[in-house]
**Q** 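Below is a structure I'd like to ask you about.
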Number of protein chains: 2
Amino acid sequence: MARPTMAIDDAGQGLDYGFLADRIGFLLRMASVINLAQLARDTPDKAHTSQRMSVLALVAANPGTSQVRLSEALRLSRPAATLAVDFWQERGCMERRVDPDDRRSYGLFLTPAGEALVPLFAEISREAEVSLRDRLTEAEAVELRRLLVKIID
Amino acid sequence: MARPTMAIDDAGQGLDYGFLADRIGFLLRMASVINLAQLARDTPDKAHTSQRMSVLALVAANPGTSQVRLSEALRLSRPAATLAVDFWQERGCMERRVDPDDRRSYGLFLTPAGEALVPLFAEISREAEVSLRDRLTEAEAVELRRLLVKIID
DNA sequence: TATTGTTATACTCTATAACTATA
DNA sequence: TATAGTTATAGAGTATAACAATA
């Protein structure tokens, strides 16, 4: 039985994806790459990367959370979380407040400058989301989200 | 109406994902990160990264293809494709053959050493694929693949 | 002993700009 | 002029190991 000829992508101009065509993991990465590229195009300040926006959004939704919990939620190493928090703190958008109950850790909080960025980032990521969903019906988008959450949970 | 409390991830320990929970793009990235981590764990030689394995697999399936077509199919920049081909060529797994019809470009081919890696990589990526699909029914995996191809195409 | 966070280090990935060679 | 590929450069992301401070 012949492999179904799969033009995953017009840009591929008929390249055969071999065993990669059968790998959901590979397709996830390609879809994510496409979305990250769109998001980067939509973001005026190129230092505001997807990961850094995610960090800011997570602190916004969870004021006082710690770097460890941040790194676990985004599946980053602790050093990566340190650097991301450093980035926002240096720009006056995030604060580390000492936790009197556990002086090893910090509570993370947004400054007013950081809070002001949240709705902007929500809007930018909504735009990239629209170009993603444009290729799906509403029902398909709902189903895709459900399946992704099932994988991640 | 309150946002549905979404524990995307146990590791998040109840962190609220804020607007990220509504972004398929974010969920795609998280799912891909999980899969890439699993793939890296399953790969004995840590220099054999996901991207490099993809490059080898694509040349295996398309002997004689060029670096430009490779970069388009994997959505890499041309310099990134150059570096990936350099990597495999330095290790004796890939050859650049001059194309007599267009001496600007090379035809890419695997050496016997490169060919020997293809089934190994197919097996490694199949293992990571199994842990991904473990969380889905067969019908869900089929549907997820269909939706991802729709996004990528 | 274990945990939180930082620093040092190294490697991967990625892109843009400028370049050479060829078409 | 346009295309294929390379080099130079820089920045982003990532991880491990070793460390300090605290629990």
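Chain identifiers are assigned alphabetically (A, B, ...) following the order of the sequence lines, protein sequences preceding nucleic acid strands; residue numbering begins at 1 within each chain.
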**Q** Just jot down the side-chain contact (heavy atoms from CB on, under 4.5 Å) partners of Leu58(B), sequence neighbours excluded, or say none.
**A**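 Testing Leu58(B) for side-chain contact (heavy atoms from CB on, under 4.5 Å), a comparison that skips the adjacent residues, returns Leu15(A), Tyr17(A), Leu20(A), Asn62(B), Leu70(B), Ala73(B), Leu74(B).
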**Q** Please report the closest heavy-atom contact between Thr65(B) and Arg69(B), naming both atoms and the distance.
**A**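 Taking Thr65(B) first and Arg69(B) second, the nearest heavy atoms are OG1-NE, 3.4 Å.
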**Q** How close or far is atom C1' of dT6(C) from atom CG of Asp86(A), stated in whole angstroms?
**A**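 It works out to 9 Å between those atoms.
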**Q** In whole Å, what is the span from the CG atom of Leu70(B) to the C1' atom of dT3(D)?
**A**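 Distance, rounded to whole Å: 17 Å.
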**Q** Respond yes when some side-chain nitrogen or oxygen of Arg104(A) is under 4.0 Å from OP1 or OP2 of dA23(D), and no when none is.
**A**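 Negative; the distance criterion is not met.
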**Q** Glu72(B) CD to dT3(D) P: how many Å, rounded?
**A**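 For the pair Glu72(B) CD and dT3(D) P, the rounded distance is 11 Å.
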**Q** Starting from P on dT3(D), measure out to CG on Asp99(B) and report it in whole angstrom.
**A**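 In whole Å, dT3(D) P and Asp99(B) CG are 17 Å from each other.
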**Q** Expressed in angstrom and rounded to an integer, what is the separation of Arg41(A) atom CZ from dA15(C) atom C1'?
**A**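 Going from CZ in Arg41(A) over to C1' in dA15(C) covers 13 Å.
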**Q** What's Thr82(B) touching, base or sugar-phosphate or nothing? Going by heavy atoms closer than 4.0 Å.
**A**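 Counting heavy atoms under 4.0 Å across all strands, the contact made by Thr82(B) includes a base.
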**Q** What does nucleotides 12-19 of chain D look like as a protein-contact string, B for base, S for sugar-phosphate only, - for none, at under 4.0 angstrom between heavy atoms?
**A** SSBBBB--
**Q** Tell me whether the rings of Phe121(A) and His48(A) are parallel (<30°), tilted (30 to 60°) or perpendicular (>60°).
**A**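 Taking His48(A) first and then Phe121(A), their aromatic rings stand perpendicular (interplane angle over 60°).
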**Q** Tell me whether Lys150(B) contacts the main-chain N or O of Leu136(A) through its side chain, where contact means a donor paired with an acceptor under 3.5 Å.
**A**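 Here the side-chain-to-backbone pair does not exist.
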**Q** May I ask you to evaluate whether Arg103(A) reaches the phosphate of dA23(D), defined as a side-chain N or O under 4.0 Å from OP1 or OP2?
**A**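 Result: yes.
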**Q** In whole Å, what is the span from the CZ atom of Arg69(A) to the C1' atom of dT4(C)?
**A**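 The answer, rounded to whole Å, is 13 Å.
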**Q** Looking at every strand, decide which applies to Asp102(B) at a 4.0 Å heavy-atom threshold: base, sugar-phosphate, or nothing.
**A**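 Sugar-phosphate contact only.
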**Q** Does one side chain, of Arg78(A) or Ser71(A), offer a donor that lies under 3.5 Å from an acceptor on the other?
**A**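 There is no such pair between these side chains.
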**Q** dT22(C) P sits how many Å from Tyr106(B) OH, rounded?
**A**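 Interatomic distance, OH of Tyr106(B) to P of dT22(C): 10 Å.
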**Q** Ignoring hydrogens and angles, tell me if any N or O in the side chain of Arg75(B) forms a donor-acceptor pair with the backbone of Met30(A) under 3.5 Å.
**A**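 Flag not set: sc Arg75(B) to bb Met30(A) has no pair under 3.5 Å.
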**Q** Distance check needed: dT14(C) P versus Met30(A) CE, whole Å only.
**A**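 Nearest whole value for this atom pair: 10 Å.
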**Q** Going by atom types alone, do Thr82(A) and Gln67(A) pair a side-chain donor with an acceptor below 3.5 Å?
**A**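 Judged by distance alone, the side chains do pair up.
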